[in-house]
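Just the heavy atoms: all of them, side chains too, but no hydrogens, waters or symmetry mates, feed the values below.
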Amino acid sequence: MTKLRLSVLDQTPVGEDHTPDRALRASVDLARAAEGLGYTRYWVAEHHDSPGFASSAPEILAGTLLAHTTRMRIGTGGVLLPRYDPAKVAEVFGVLASLHPGRVDLGIGRAGGPARDFPQRLAQLRALLSEGGVVPHAPVPPRMWLLGAGRESARLAGLLGTEFAFGHFFSPAGGQEAFEHYRAQFRTTTGDRPGGALAVRVVTADSAGRAEELAQSLLLWRARKDLGQDGPLPSYETTRRHRWTGAELERAKVHRTALVSGAPEQVSAVLTALAGSHGVDELIVNTLTCDPADRLRSYELLSEAFGLRAHGARSAEPVGVSGSAVRGQERSRPQVWSA
C-alpha cells in the first residue's frame, strides 16, 4: 500500500492583533519546520484586498522559502493566471527553477479576472515552460499544477497533462467526480501518469477539546466572511465571548462539512479515508489558527500521526518570529479554487 504523503497549503494568515509583516515571517518559520517534519511540498496562496492574508505576491514568498529550505518542494497554490501575462509567469518560474532545480511547483488558479481565455493562456504557459520558449529555460522545468473545485478544471488539467489539485476545503462535494474526469481526460506525450492531490482544511491539537476550540474560532471567522464581515481570525477568547447570531450559526454549520478537526487519531482516520475515497496518495493540508504556535503544533501532530518525519530529520530554527507572532485567517478576493 502506497504511503500517504502530506503537504502544506499556507495562506499566510494575519490574525487578530497581528500584522502582515509578522505573518510573512511566520510563513518562513513554518516552512522550515515543515521540511524537518517530513512534508512533501509547501505551497503559498495568492490573495488580494484582504486584511486577513499577507501573501499577495506568492512568487516572491516562494523564492524566499526556497532560499530557507533545502529539500522540500516549494510552490504556489496558486498564481491567479488571469491577472498576468503568461510569458511573465513563465520567466519568473524559469528563474526560480533554474536556481532551485527539481524543487519548484507552479500551481495555477483561474480566478482573478475574466476567465474566457483561461484555457488558451494556460496552454500558452504550459508550452513556454516545456518547450524552452523563455529565458532562462530551466534544465528541470517547474512542475505545473492546475487548482480547481469542479469538473471543468479537472478536465482541462487532464487534456493539458498537468497535475491536478482539488480544493475540498473550498467545495467538499464533487471531488471524486472531478478526479474521474481528470484521469479519463489525461493526455501526455511524456508517458507520465495522472497525478493528483486533495487540499483539505484541518485543525488538530493535543486534545479533542482544544481542537474544537480552534475549530470554533475558524468557523466564526468563516461565517462572518460569508456575511460580509471581512476581518482577522478571532482568538478563542473572542470566540468564547461572542454571541452567535442565527445567520452565523447557519453558515458555520455549512462550513463544518469542509473542516476536519479533532484529536490526531480522529483526524488521521478521516484523512486516510478521504484520500482513499478520492484515489489520491497526497493530501495538501491547510490549517488556519489565531496563534501560529497552534498552527505549528497541528502540523507537528499530523506528522507524528502519519509517521512523516524522516530518520534523523530536525526541525529548523525560527527566523525571527515567536510562536505567537501571527494568527491565522482566510479571506480571498478572488478565490483560487474555482470550478
Side-chain angles (χ1 to χ4, degrees), residues 9 41-48 55-63 65-66 73-167 178 181-182 185-197 199 284 332 334-339:
L9 170 61
R41 68 187 84 248
Y42 193 106
W43 285 358
V44 291
E46 177 174 348
H47 297 277
H48 298 279
S55 180
S56 57
E59 69 281 8
I60 301 298
L61 184 53
L65 300 184
L66 283 161
R73 294 192 69 91
I74 302 290
T76 55
V79 168
L80 304 181
L81 188 58
R83 298 178 64 96
Y84 308 109
D85 179 353
K88 179 59 176 177
V89 176
E91 289 174 343
V92 168
F93 281 82
V95 170
L96 291 176
S98 296
L99 292 171
H100 305 277
R103 295 186 57 214
V104 178
D105 289 339
L106 171 54
I108 296 293
R110 67 188 300 161
R116 292 184 301 273
D117 64 344
F118 180 75
Q120 293 76 23
R121 295 166 69 87
L122 189 66
Q124 179 186 354
L125 176 59
R126 175 80 161 155
L128 287 168
L129 291 171
S130 61
E131 298 172 9
V134 295
V135 178
H137 175 56
V140 182
R143 185 174 298 168
M144 194 166 171
W145 290 74
L146 183 57
L147 318 180
R151 292 183 300 176
E152 180 56 30
S153 294
R155 184 189 68 84
L156 184 56
L159 290 173
L160 291 176
T162 71
E163 307 265 13
F164 176 65
F166 182 86
H181 278 266
Y182 169 59
Q185 296 290 335
F186 191 78
R187 304 288 185 273
T188 181
T189 59
T190 63
D192 292 337
R193 297 173 62 86
I284 304 175
S332 169
Q335 291 283 357
V336 172
W337 305 85
S338 53

Worked check of side-chain contact (heavy atoms from CB on, under 4.5 Å) between Val92 and Val79 = CA-CA 11 Å; Val92 168; Val79 168; over 6 Å; no

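- In terms of heavy-atom proximity, Pro114 sits nearest to Pro82 at O-CB, 3.7 Å.
- Remark: the backbone N or O of Ile284 is not paired with any side-chain donor or acceptor of Arg41 at under 3.5 angstrom.
- Side-chain contact between Pro142 and Leu129: present, with at least one pair of heavy atoms (C-beta onward) separated by less than 4.5 Å.
- Between the Arg110 side chain and the Phe118 main chain, no donor and acceptor come within less than 3.5 Å of each other.
- Of the possible donor and acceptor atoms, one in the side chain of Arg121 sits under 3.5 Å from a partner among the backbone N and O of Leu81.
- The backbone N or O of Gly195 lies less than 3.5 Å from a partner atom in the side chain of Tyr182, making a donor-acceptor pair.
- Closest heavy-atom contact between Ala178 and Ala154: O-CB, 3.1 Å.
- Rounding to the nearest 0.5 Å gives a distance of 10.5 Å between CG of Leu106 and CD of Glu59.
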Would you please test Thr76 and Phe93 for side-chain contact (heavy atoms from CB on, under 4.5 Å) and show each step?
-> CA-CA 10 Å; Thr76 55; Phe93 281 82; 3.6 Å; yes

When you look at Leu122 and Arg126, which way does the side-chain contact (heavy atoms from CB on, under 4.5 Å) test go after all the steps?
-> CA-CA 6 Å; Leu122 189 66; Arg126 175 80 161 155; 5.8 Å; no

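- The shortest heavy-atom contact between Leu147 and Gly77 is CD1-C, 3.4 Å.
- Distance alone, capped at 3.5 Å, is enough to place a donor-acceptor pair between the Glu46 side chain and the Leu80 backbone.
- The nearest pair of heavy atoms linking Ala149 to Gly167 is CB-O, 4.3 Å.
- Between Tyr42 atom OH and Leu61 atom CG the span is 7.5 Å, to the nearest 0.5 Å.
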Derivation and outcome, side-chain contact (heavy atoms from CB on, under 4.5 Å), residues Thr162 and Ile108 = CA-CA 10 Å; Thr162 71; Ile108 296 293; over 6 Å; no

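- Between Ala62 and Gly75, the shortest heavy-atom contact is CB-O, 4.3 Å.
- Interatomic distance, Phe186 CZ to Glu163 CD, rounded to the nearest 0.5 Å: 7.0 Å.
- Remark: the backbone N or O of Gly107 is not paired with any side-chain donor or acceptor of Asp105 at under 3.5 angstrom.
- A distance-only check finds no donor-acceptor pair linking the side chain of Arg143 to the backbone of Gly102 [under 3.5 Å].
- Smallest separation of non-hydrogen atoms from Ala138 and Gly94: CB-O, 3.8 Å.
- Considering Val140, Leu66, Leu99, Ile74 as possible partners of Val104, the one that fulfils the side chain to side chain contact (heavy atoms under 4.5 Å, CB included) test is Leu66.
- Leu160 has its side chain out of reach of Leu146: every pair of non-hydrogen atoms, C-beta onward, lies at least 4.5 Å apart.
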